[in-house]
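Since the structure comes first, as C-alpha cells, the remarks are kept for the end.
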Amino acid sequence: MIDVRLLTGPFIPGQFIGPFTNAHPGLGGVCTFVGEVRGEDGVEALELSHYEPLTLPGMQALAQQAVTRFGLMGMLMLHRVGVMRPGEPIVCVSAAASHRRAAFDAVDFAMDHLKSQSWFWKREQRGGEWTWIEPRGQDYADLARWD
Amino acid sequence: MIDVRLLTGPFIPGQFIGPFTNAHPGLGGVCTFVGEVRGEDGVEALELSHYEPLTLPGMQALAQQAVTRFGLMGMLMLHRVGVMRPGEPIVCVSAAASHRRAAFDAVDFAMDHLKSQSWFWKREQRGGEWTWIEPRGQDYADLARWD
Amino acid sequence: MSARLVFLGRLGDLVSGGELAVAPGPLADVLAALEPQLALALADERVRHALNGQLLARETAIELAAGDELAFLPPVSGG
Amino acid sequence: MSARLVFLGRLGDLVSGGELAVAPGPLADVLAALEPQLALALADERVRHALNGQLLARETAIELAAGDELAFLPPVSGG
C-alpha cells in the first residue's frame, strides 16, 4: 500500500502509522522517520510552500520508486505545507518490509529525496522577519549516495 | 530520556512512541524501528527467553551507549519476552535527536546489538514443534560495522 | 487572452501575489517586457520551468500561448 | 547447602525445569559429576557464564560456593 499525502494542518504521526502498519499483515519490520520543526536559534515559525501540479505527483512517484527499489510491502509519506510552529511534525515517512535493512534504506532514500529533490520551498520566521532557506551542500551530498 | 523495558505481553508501539516524542521538546527528528513476528514458512509462534540479571541491565547499557555515541536527546527501547504470535511486535527502538542522521544511525546501531549481542534466546514453533534459532552470520557482519 | 506566470519560493516575493498576467510569445520576449530586476532573477540558470503543470527539461525553448501557465521553480528546500 | 546451575536457551531443554542443584566446588568437578551428554553441551566454548548475575570473562576459572548461581549462556538470537 502506498499512502502519500500533503497535509495543510497539524497532524499526529501515530494516527497514520498505526493503520499503515496494520494494513500489512506478515511484515517483518516498519521503519519510520518523523521530522519536526526545531525551535532553536529563535525560530518562531516555518512555512512550506508547494506547487500543486508537481508536488504531490512527485511524492507519489518517489514513494513508488522506493517501493520498487527496496522491495517494500508499502510506504507512507506525509508532508506538511503551510505555516508550522516549533514542535509540529513536518514530515513522516514509514516503510513496511519483510526485512529491517530494506525498511531502513527506503526511509533514508525517501527523506534524502524529499529534502533536496521534491517541490517544496521553505522559509523561517525569526524576530518577525521571514527568510528563505536554501538547500545545504550536505543535502546534495546525501542525495548523491543513491546514484 | 532513556526508557528501556522488557514487556511480557503484547504492546502497541504508538502508545510508547507518542509520549517518548513529546518528552523531547525541541527535537529535530525521531527515527523508529518496530519489528514484528513474521508468519512466513508456517511459523505458528515464537518464544523469546531472557536471563533476568543480565538482559535488562544489558539493554540499559546499550541505550546509554547509543545516546552517548550519537549525541541523542533520548532513546526508547522496548523488547518482548515470552510467547508471541505472528503479527505481534517483538521490538521497538526510537531515537530522538536534533538531526536525522544521528537518529537513524542510533536505531540501526541499537538493532544490530539487540539482535546479536543482547541476552535473548529465540525459538520458533512450526507444526507444533519448537526449534531454537541460531544467530545468522549476517547478524555478526552487521554488528562488525560499528567496531 | 493572456498567459500566466507563477513564481514559487523566494521568487514569489518579487511580485505581489506571486503571479503575473503577460502577453503570449517566446519566453525571451516575455522576460524582456518585465522589470529588469525580476527578469534577472527569473533568468537564473538554477530556476526550472513547468508549463501547464509539466516540468520542462532544462534549456527547453519555451513559447507561451494564450491561457498557458508557466511556473518558475527556484532550488527547493523541503523536509 | 548446594549451588545452582541455570541453563538458558537450547541448553534449558537438556534439563527438566532448566535448573539443577549441584554440590559446590571447581567447575570441572561439577561438570564431571553431570550426565556426559549435558556436560559436553555445557563445555561448548561458545557458552558464556554468569556467576550470581555477573557475566564472567571467557576462560575465567570458576569455583562454586554454596548458594552460588551459575548461568550457562549459549549464543544469543534476539530482535
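If you're wondering where the values come from, they're calculated on a predicted model, not measured in any experiment. Order of the sequence lines fixes the chain letters, A, B, ..., with proteins taken first and strands second; residue numbering starts at 1 for each chain.
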(request) Just do the ring pair (Phe, Tyr, Trp, His ring centres under 6.0 Å) check on B:W146 and B:F109 with the steps written out, would you? (result) CA-CA 7 Å; B:W146 306 103; B:F109 172 88; 5.3 Å; yes
(request) Check the pair A:Q125, A:V43 against side chain to side chain contact (heavy atoms under 4.5 Å, CB included), reporting the backbone distance first and the verdict last. (result) CA-CA 6 Å; A:Q125 191 185 41; A:V43 171; over 6 Å; no
(message) One pair to check against side chain to side chain contact (heavy atoms under 4.5 Å, CB included): A:L62 and A:S118. What are the steps and the verdict?
(response) CA-CA 9 Å; A:L62 173 59; A:S118 296; 4.1 Å; yes
(request) May I have the step-by-step check of side chain to side chain contact (heavy atoms under 4.5 Å, CB included) for A:R123 and A:L46, ending in yes or no? (result) CA-CA 6 Å; A:R123 55 178 195 161; A:L46 184 151; over 6 Å; no
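Chain A forms more heavy-atom pairs under 4.5 Å with one residue of B:R101, B:E36, B:R100 than with any other, namely B:R100. Contacts with chain A were tallied for B:A103, B:S98, B:G18; B:S98 has the most, counting heavy-atom pairs under 4.5 Å. When each of A:T21, A:V34, A:I12 is scored by its heavy-atom pairs under 4.5 Å with chain B, the top score falls to A:V34. In terms of heavy-atom pairs under 4.5 Å with chain B, the best-connected choice from A:Q15, A:H24, A:H99 is A:H99.
Contact of B:N22 with chain A is not made at all, since no heavy-atom distance falls under 4.5 Å. Of the atoms belonging to B:S94, not a single heavy atom falls under 4.5 Å from chain A. Looking at B:I17, there are no atoms closer than 4.5 Å to chain A (heavy atoms on both sides), in backbone or side chain. Neither the backbone nor the side chain of A:V93 comes within contact range of chain B; no heavy atoms are under 4.5 Å apart.
In the displayed structure, A:I2 atom CD1 is contacted under 6.0 Å by more than 12 heavy atoms of other residues, nucleotides or ligands.
A 4.5 Å side-chain heavy-atom check between A:R80 and A:P10 finds at least one atom pair inside the cut-off.
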